[in-house]
Amino acid sequence: EASGTSQAEQEKLKNLAAYQGGEREILDDMAEAMTDLPASADASLDYLRAIQPHSQASIALAECYLDAGGSDEALTRTADDLVSQQKKNLETIDKLLRRREADPGKRDAFMKDYQELLSDSFGREIGDTHAAALDRSFTKTLILHCRLAVDLSELALDYSDDGEVKDLAEEMIEQHT
């Protein structure tokens with residue numbers, strides 16, 4: 001061990017690098033999908049289209065943490081719960097997207113606030129390239145990711161006229177706080 005780094009420390013650094021590489025790709029894909037959101041004439045539809053890639057990214061981040069060797073018992077349980085919750089949410093989102101018809105309403109105001117939210121959220125540095133540990137890096141990303149879900153869901157509560165969409169938004173807020 002001429003480098004002064006034990007094999008266990010080298011493995012932790014390798015796992016952290018794997019997580020952070022996956023994290024960056026996942027968050028970049030989510031940001032692209034959320035930024036390229038086509039405006040409809042329906043705030044409920046726009047919310048569903050926006051929260052869908054966020055929920056997909058939640059699953060991918062949790063799986064990335066687990067695949068990278070995340071071993072903290074509480075975070076592992078959180079990651080497992082997150083995958084389960086978000087898969088259920090995606091089923092609901094898919095059902096609502098299939099039945100939702102465009103309805104003029106609060107689209108312009110929703111999209112203006114949504115674009116501001118994205119600008120603020122994606123302007124923050126989520127990944128921490130200086131994180132000392134995989135667990136801390138995952139936790140930091142998860143906190144900011146949850147904040148985005150809450151902010152986006154609050155917009156849906158402000159603008160949606162669909163009771164089921166509002167129920168989903170309230171559930172997302174509850175899950176992420």
Side-chain angles (χ1 to χ4, degrees), residues 19-67 77-127 138-177:
Y19 171 76
Q20 288 178 329
E23 169 195 79
R24 183 77 276 145
E25 184 177 334
I26 292 163
L27 295 176
D28 286 349
D29 289 348
M30 179 190 75
E32 182 179 337
M34 292 177 77
T35 303
D36 292 342
L37 179 71
S40 72
D42 182 340
S44 298
L45 184 60
D46 291 340
Y47 168 71
L48 292 169
R49 288 178 178 165
I51 202 68
Q52 187 177 41
H54 184 278
S55 293
Q56 292 165 336
S58 295
I59 293 169
L61 285 167
E63 290 173 343
C64 184
Y65 170 74
L66 296 170
D67 291 347
R77 200 170 32 255
T78 297
D80 288 337
D81 291 346
L82 189 60
V83 169
S84 176
Q85 286 175 343
Q86 294 306 310
K87 284 183 177 182
K88 288 177 188 172
N89 288 345
L90 283 170
E91 288 176 12
T92 301
I93 291 165
D94 289 341
K95 177 187 81 163
L96 292 170
L97 280 170
R98 282 192 303 274
R99 73 144 226 255
R100 190 75 197 157
E101 294 180 9
D103 177 18
K106 302 176 182 176
R107 173 192 52 100
D108 293 336
F110 174 86
M111 288 308 293
K112 177 183 176 289
D113 287 350
Y114 174 72
Q115 293 301 327
E116 288 175 14
L117 174 65
L118 287 184
S119 177
D120 291 346
S121 295
F122 295 140
R124 294 184 215 129
E125 182 59 33
I126 292 182
F138 176 65
T139 301
K140 181 178 178 181
T141 299
L142 197 56
I143 289 168
L144 293 174
H145 195 72
C146 288
R147 183 172 159 189
L148 176 59
V150 169
D151 291 346
L152 183 56
S153 296
E154 287 174 346
L155 279 181
L157 292 175
D158 289 343
Y159 292 106
S160 179
D161 59 357
D162 185 305
E164 284 186 84
V165 170
K166 286 186 171 205
D167 289 346
L168 175 65
E170 288 173 353
E171 186 175 319
M172 294 291 265
I173 290 170
E174 185 177 318
Q175 289 172 357
H176 289 85
T177 55

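- To the nearest 0.5 Å, atom CG of residue Asn89 and atom CD1 of residue Ile51 are 8.0 Å apart.
- Across Ala156 and Ala169, no two heavy atoms sit closer than the pair CB-CB, 4.0 Å.
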**OP:** Run the numbers on Gln85 and Glu171 for side-chain contact (heavy atoms from CB on, under 4.5 Å), then give the verdict.
**Re:** CA-CA 10 Å; Gln85 286 175 343; Glu171 186 175 319; over 6 Å; no
Subject >> Leu45/Asp162 under side-chain contact (heavy atoms from CB on, under 4.5 Å): CA gap, chis, key distance, verdict >> reply: CA-CA 9 Å; Leu45 184 60; Asp162 185 305; over 6 Å; no
Original post:
Under the side-chain contact (heavy atoms from CB on, under 4.5 Å) criterion, do Gln52 and Asp94 qualify, and how do the steps go?
Top reply: CA-CA 8 Å; Gln52 187 177 41; Asp94 289 341; 2.9 Å; yes
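- Side-chain contact annotation: Asp113 with Tyr159, donor-acceptor N/O pair under 3.5 Å present.
- The distance from atom CG of Leu155 to atom OG of Ser160, rounded to the nearest 0.5 Å, is 11.5 Å.
- With values rounded to the nearest 0.5 angstrom, Glu154 atom CD is found 5.0 Å from Ile173 atom CD1.
- Residues Leu82 and Ile59 fail the side-chain proximity criterion, which asks for heavy atoms closer than 4.5 Å.
- Between atom OH of residue Tyr47 and atom NE2 of residue His54 there is a gap of 9.5 Å, rounded to the nearest 0.5 Å.
- Taking each heavy atom of Leu90 and Ser55 in turn, the nearest pair found is CD2-CB, 3.8 Å.
- Rounding to the nearest 0.5 Å gives a distance of 5.0 Å between CG of Leu27 and CG of Leu61.
- For the atom pair CD (Glu164) and OG (Ser44), the distance works out to 10.5 Å, reported to the nearest 0.5 Å.
- Ser84 places no side-chain N or O within 3.5 Å of a backbone atom of Asp80 that could act as its donor or acceptor partner.
- You'll find the side chain of Met34 reaches within 4.5 Å of the side chain of Leu152, heavy atoms only.
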**OP:** Kindly determine whether Arg24 and Asp28 satisfy salt bridge (charged side-chain N to carboxylate O under 4.0 Å, His left out), including the steps that lead there.
**Re:** CA-CA 6 Å; Arg24 183 77 276 145; Asp28 286 349; 3.2 Å; yes
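- Around the CD atom of Glu170, the shell of radius 6.0 Å holds more than 12 heavy atoms that belong to other residues, nucleotides or ligands.
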Original post:
Could you walk me through whether His145 and His176 pass the ring-ring contact (aromatic ring centres under 6.0 Å, His included) check?
Top reply: CA-CA 9 Å; His145 195 72; His176 289 85; 7.3 Å; no
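- At least one side-chain heavy atom of Arg49 sits less than 4.5 Å from a side-chain heavy atom of Pro38.
- Judged by distance alone, with hydrogens and angles left aside, the side-chain atoms of Tyr65 form no donor-acceptor pair with the main-chain N or O of Thr139 at under 3.5 Å.
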